[in-house]
Visitor: 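Have a look at this one.
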Amino acid sequence: MMEVNMNWAAFIIGSSPLFDEQWYRKTYRISDEVNAAKHYLLEGAKKGWNPSKYFSTEEYYLENEDVRWNGDNPLLHFEVTGHEQHSFPHIPLEIERKYKKCACCGHFIGRYAPLSNFYAEEAKKYHAKPWHSEMVNEKEYACPYCGSADRDRAYAVFLRRILPADFSGRVLDIAPSAGMRTLFQNFFPKAQYRTADLSMPGVDYQMDIMDMKEIDDDSIDVFICSHVLEHVRDDRQAMRELYRILSPQGIGILVVPIDLNQKEIDEDPDCEDIGERWRRFGQNDHIRKYSRQGYIDRVREIGFDLVQIQKEFFGLEAMYENALLETSTVYVVSKSE
């Protein structure tokens, strides 16, 4: 039997292209006060009711008898494991095309989970100005399976296109995300993937990005440094260290949160007031807010060559499948020749 969190399971069902809430309510006379996805999860399937006209509960049970005997919900089973295994080959093409596919874990997705309300609530509490974020899809932010943010999925699209499947180089992931861990486990199993952070438990290197003495010069083939520099007291020194450890032919993904409304970099490493940090920098543990041009200039000042990976590279299909914004940008650095 599948053991899942109830709220997570209800989200998976409710976001499935095979669940038609309006049709389900009308067909089975479900009141507006009842959560329709939870109703199908807990009651409807047991009665043989269908989540939409495109998915037959009974037919799925007949074709996958283990699902019935295990007491699993048929649509939840399909979404979690059955889709990948082609356990129900009767989905109309127009419904199949509605699915997304996470570039980090490869899972089919009906809809990504939204960004937590925490950030908007805290920003409102401290009267912070609204952001025009370059790469945060608040409505479809996190993969419900691997936890990847939309920025992680953008990195994954890029890396899967430029690195060979048998890539065995040395990778350093600073402040590693679940999405990046999953990407390298699933798609680059031969890579020498290592992680680093100053305070995160379980990483390979417990170290300060401003002084990475544990890492040799010119030794890293790929680094990922995503949403780190806005926390660092001296971001220029951190970037100099990243330049030092990168191999001559290596590449780095070097991304920070950018507010497209911001005209210049605002920073104050000595600011300790939480409210002031929310108002000026957009988060309680940030000490810097980057403008787009200010960030580009600072990266190039260190000596990096910089390429911006945007929608022209991603293409419409990858942007849809990974819920990327029109302005999503991956900043890729390398050493000047």
Side-chain angles (χ1 to χ4, degrees), residues 5-8 10-11 14-15 35 104 111-155 173-181 197-203 208-210 224-235 238 253-292 294-295 298 322-331:
N5 175 277
M6 184 59 63
N7 290 330
W8 179 85
F11 174 81
S15 62
N35 183 303
C104 287
R111 185 174 71 249
Y112 294 99
L115 181 69
S116 168
N117 290 331
F118 166 80
Y119 299 98
E121 291 169 355
E122 290 297 291
K124 183 178 180 180
K125 174 182 174 182
Y126 293 109
H127 308 290
K129 293 180 180 179
W131 275 51
H132 180 188
S133 182
E134 185 174 62
M135 193 162 54
V136 176
N137 187 338
E138 295 181 7
K139 294 181 179 179
E140 292 201 58
Y141 179 71
C143 173
Y145 296 99
C146 72
S148 65
D150 54 325
R151 62 179 180 269
D152 295 322
R153 300 190 294 274
Y155 309 157
D173 192 357
I174 300 165
S177 69
M180 286 294 96
R181 288 180 187 268
D197 195 84
L198 182 60
S199 56
M200 185 184 296
V203 295
D208 187 338
I209 190 176
M210 294 184 293
I224 300 119
C225 182
S226 172
H227 285 223
V228 173
L229 296 178
E230 67 275 12
H231 302 270
V232 175
R233 183 172 186 85
D234 187 344
D235 62 342
I253 291 176
L254 188 57
V255 174
V256 297
I258 288 178
D259 179 1
L260 295 175
N261 293 330
Q262 189 78 2
K263 301 302 181 185
E264 59 185 11
I265 297 175
D266 181 20
E267 56 191 333
D268 184 357
D270 295 316
C271 177
E272 296 182 355
D273 181 84
I274 298 302
E276 187 70 7
R277 285 184 173 185
W278 274 103
R279 285 187 291 274
R280 289 177 61 186
F281 312 131
Q283 200 162 301
N284 63 306
D285 55 353
H286 290 189
I287 57 174
R288 183 175 295 106
K289 187 178 186 182
Y290 291 97
S291 64
R292 186 173 186 278
Y295 178 64
R298 189 164 292 188
N322 293 284
L324 305 184
L325 299 177
E326 284 286 308
T327 54
S328 291
T329 303
V330 180
Y331 295 89

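Not measured: the values here are computed from a predicted model. Index from 1, following the sequence.
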Visitor: Take Arg279 and Lys129 through the side chain to side chain contact (heavy atoms under 4.5 Å, CB included) test and state the conclusion after the steps.
Guide: CA-CA 7 Å; Arg279 285 187 291 274; Lys129 293 180 180 179; over 6 Å; no

Visitor: Is any NZ, NE, NH1 or NH2 atom of the basic residue among Glu121 and Lys124 found under 4.0 Å from an Asp or Glu carboxylate oxygen of the other?
Guide: no

Visitor: Could you give the distance from OH (Tyr112) to CZ (Phe11), rounded to the nearest 0.5 Å?
Guide: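 Tyr112 OH to Phe11 CZ: 10.5 Å, rounded to 0.5 Å.
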
Visitor: Looking only at heavy atoms, what is the nearest atom pair of Pro269 and Arg288, with distance?
Guide: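 Shortest heavy-atom separation between Pro269 and Arg288 comes out as CG-NH2, 4.4 Å.
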
Visitor: Looking at side-chain heavy atoms only, is the closest gap between Val136 and Tyr119 below 4.5 Å?
Guide: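 No. Closest side-chain heavy atoms not under 4.5 Å.
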
Visitor: Is the backbone of Cys271 close enough, under 3.5 Å, to the side chain of Arg277 for a donor and an acceptor to pair up by distance?
Guide: yes

Visitor: Please report the closest heavy-atom contact between Gly179 and Ser148, naming both atoms and the distance.
Guide: CA-CB, 3.8 Å

Visitor: What's the shortest heavy-atom distance between Ser291 and Lys263, and which atoms?
Guide: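 Of all heavy-atom pairs spanning Ser291 and Lys263, the closest is CB-C, 3.6 Å.
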
Visitor: Could you state the interatomic distance from NE2 (His227) to CD1 (Ile174), rounded to the nearest 0.5 Å?
Guide: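 Atom-to-atom, His227:NE2 and Ile174:CD1 are 14.0 Å apart.
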
Visitor: Keeping the roles fixed (side chain from Asp259, backbone from Ser133), state whether a donor-acceptor pair exists under 3.5 Å.
Guide: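 Checking the backbone N and O of Ser133 against the side chain of Asp259, no donor-acceptor pair under 3.5 Å is found.
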
Visitor: Ignoring hydrogens, what is the shortest heavy-atom contact between Ile287 and Val232? Give both atom names and the distance.
Guide: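 Heavy-atom minimum between the residues: CD1-O, 3.3 Å.
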
Visitor: If you round to the nearest 0.5 Å, how far is CG of Asp273 from CG of Asn284?
Guide: 11.5 Å

Visitor: Could you state the interatomic distance from CD (Glu134) to OH (Tyr331), rounded to the nearest 0.5 Å?
Guide: 3.5 Å

Visitor: With a 3.5 Å distance limit and no angle check, can you tell me whether Arg151 reaches the backbone of Ser328 through a side-chain donor-acceptor pair?
Guide: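 Absent.
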
Visitor: Nearest 0.5 Å, what's the CD-CZ distance between Glu140 and Arg153?
Guide: 8.0 Å

Visitor: Is any side-chain heavy atom of Gln262 closer than 4.5 Å to a side-chain heavy atom of Tyr290?
Guide: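 Not touching, per the 4.5 Å side-chain cut-off.
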
Visitor: Verify the neighbour count for atom CD of Glu264: are there more than 12 heavy atoms of other residues, nucleotides or ligands below 6.0 Å?
Guide: no

Visitor: Is Thr327 close to Ile258 at the side-chain level, that is, under 4.5 Å between some pair of heavy atoms?
Guide: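 Answer no - side chains too far apart.
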
Visitor: Please determine whether side chain to side chain contact (heavy atoms under 4.5 Å, CB included) holds for the pair Glu230 and Asp235, giving the CA-CA distance in whole Å, both sets of side-chain angles, and the decisive distance to 0.1 Å.
Guide: CA-CA 8 Å; Glu230 67 275 12; Asp235 62 342; over 6 Å; no

Visitor: A quick test of your reading: do over 12 heavy atoms of other residues, nucleotides or ligands sit less than 6.0 Å from OH of Tyr126?
Guide: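 Yes, OH of Tyr126 has more than 12 neighbouring heavy atoms, counting only those of other groups under 6.0 Å.
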
Visitor: I want to check something: taking the side chain as every heavy atom from C-beta on, are Met180 and Cys104 in contact at a cut-off of under 4.5 Å?
Guide: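 Yes; the side chains approach each other to less than 4.5 Å.
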
Visitor: So, taking the atom named NZ in Lys289 and the one named CH2 in Trp131, what distance separates them when rounded to the nearest 0.5 Å?
Guide: 5.5 Å

Visitor: Determine yes or no for a side-chain-to-main-chain donor-acceptor pair under 3.5 angstrom, with Trp8 supplying the side chain and Pro144 the backbone.
Guide: yes

Visitor: Would you say the side-chain atoms of Asn5 pair up with the backbone N or O of Asn7, donor to acceptor, closer than 3.5 Å?
Guide: yes

Visitor: Taking all heavy atoms of Ala175 and all of Val228, pick out the closest pair and write down the distance.
Guide: CB-CG2, 3.7 Å

Visitor: How close do Leu260 and Arg292 get, counting heavy atoms only, and between which atoms?
Guide: CD2-CD, 3.9 Å

